[in-house]
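See structure below.
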Amino acid sequence: MKELVEVIAKSLVENPDEVVVTETEKEDEILVELKVGPSDMGKIIGRQGRIARAIRTVVKAASSKSSKKVVVVILQ
């Protein structure tokens, strides 16, 4: 999931070098944290959170075969 979020985020932002994605695996869930530069935060969130919601939807669809829940968190 980390690679998927990283590819999506890097294609959306103007400074792809500042994109940092970390993945933490727990018992029943996988936590994916996305951090981008301050100038690119609006591009990742989108108007009324539409882009962020779309990223979460794509990740949820990609992880549907897995038994673990995947949570995507966008950090400042």
Side-chain angles (χ1 to χ4, degrees):
M1 292 303 124
K2 175 183 175 184
E3 295 83 14
L4 176 63
V5 173
E6 193 169 346
V7 167
I8 293 171
K10 285 186 176 184
S11 67
L12 290 172
V13 298
E14 294 208 9
N15 302 319
D17 299 337
E18 295 183 18
V19 173
V20 178
V21 180
T22 57
E23 186 175 82
T24 308
E25 198 163 335
K26 296 181 182 176
E27 296 173 10
D28 57 343
E29 74 176 16
I30 299 172
L31 178 65
V32 180
E33 295 177 333
L34 170 62
K35 186 169 183 172
V36 297
S39 61
D40 291 323
M41 189 60 74
K43 291 183 177 118
I44 289 294
I45 295 174
R47 290 187 183 218
Q48 297 179 351
R50 287 186 180 145
I51 303 294
R53 195 174 319 118
I55 292 171
R56 290 183 178 114
T57 302
V58 169
V59 170
K60 184 177 179 181
S63 68
S64 64
K65 291 189 178 188
S66 172
S67 62
K68 295 187 178 185
K69 179 181 174 185
V70 178
V71 178
V72 178
V73 177
I74 300 171
L75 304 173
Q76 288 187 349

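Everything quoted here is computed from the prediction, not taken from an experiment.
Note on V7 and L34: separate hydrophobic clusters, where clusters join Ile, Leu, Val, Met, Phe, Trp and Tyr whose side-chain heavy atoms are under 4.5 Å apart, directly or indirectly. Placement of V36 and L31 in two distinct hydrophobic clusters is found when ILVMFWY residues are connected by side-chain heavy-atom separations under 4.5 Å, directly or transitively. No chain of hydrophobic side-chain contacts below 4.5 Å, direct or via other Ile, Leu, Val, Met, Phe, Trp or Tyr residues, connects M1 to V20.
Side-chain contact between I55 and L12: present, with at least one pair of heavy atoms (C-beta onward) separated by less than 4.5 Å. V32 is listed as a side-chain neighbour of E23, based on a closest heavy-atom distance under 4.5 Å. Annotation: side chain of V13 is in contact with side chain of V19 (closest heavy-atom distance under 4.5 Å).
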Can you give each donor-acceptor pair under 3.5 Å made by side-chain atoms of residues 66-76, sequence neighbours left out, with the distance rounded to 0.1 Å?
residue: S66; atom: OG; partner: K68; partner atom: N; Å: 3.2
residue: K68; atom: NZ; partner: E25; partner atom: OE2; Å: 2.6
residue: K68; atom: NZ; partner: K26; partner atom: O; Å: 3.4

Mind listing the side-chain donor-acceptor pairs of residues 37-50 below 3.5 Å, one per line with the distance, residues two or more places apart or on another chain?
residue: D40; atom: OD1; partner: E14; partner atom: N; Å: 3.3
residue: D40; atom: OD2; partner: N15; partner atom: N; Å: 3.2
residue: K43; atom: NZ; partner: E14; partner atom: OE2; Å: 3.1

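Heavy atoms only, all atoms of each residue included: K10 and P16 are closest at CE-O, 3.5 Å.
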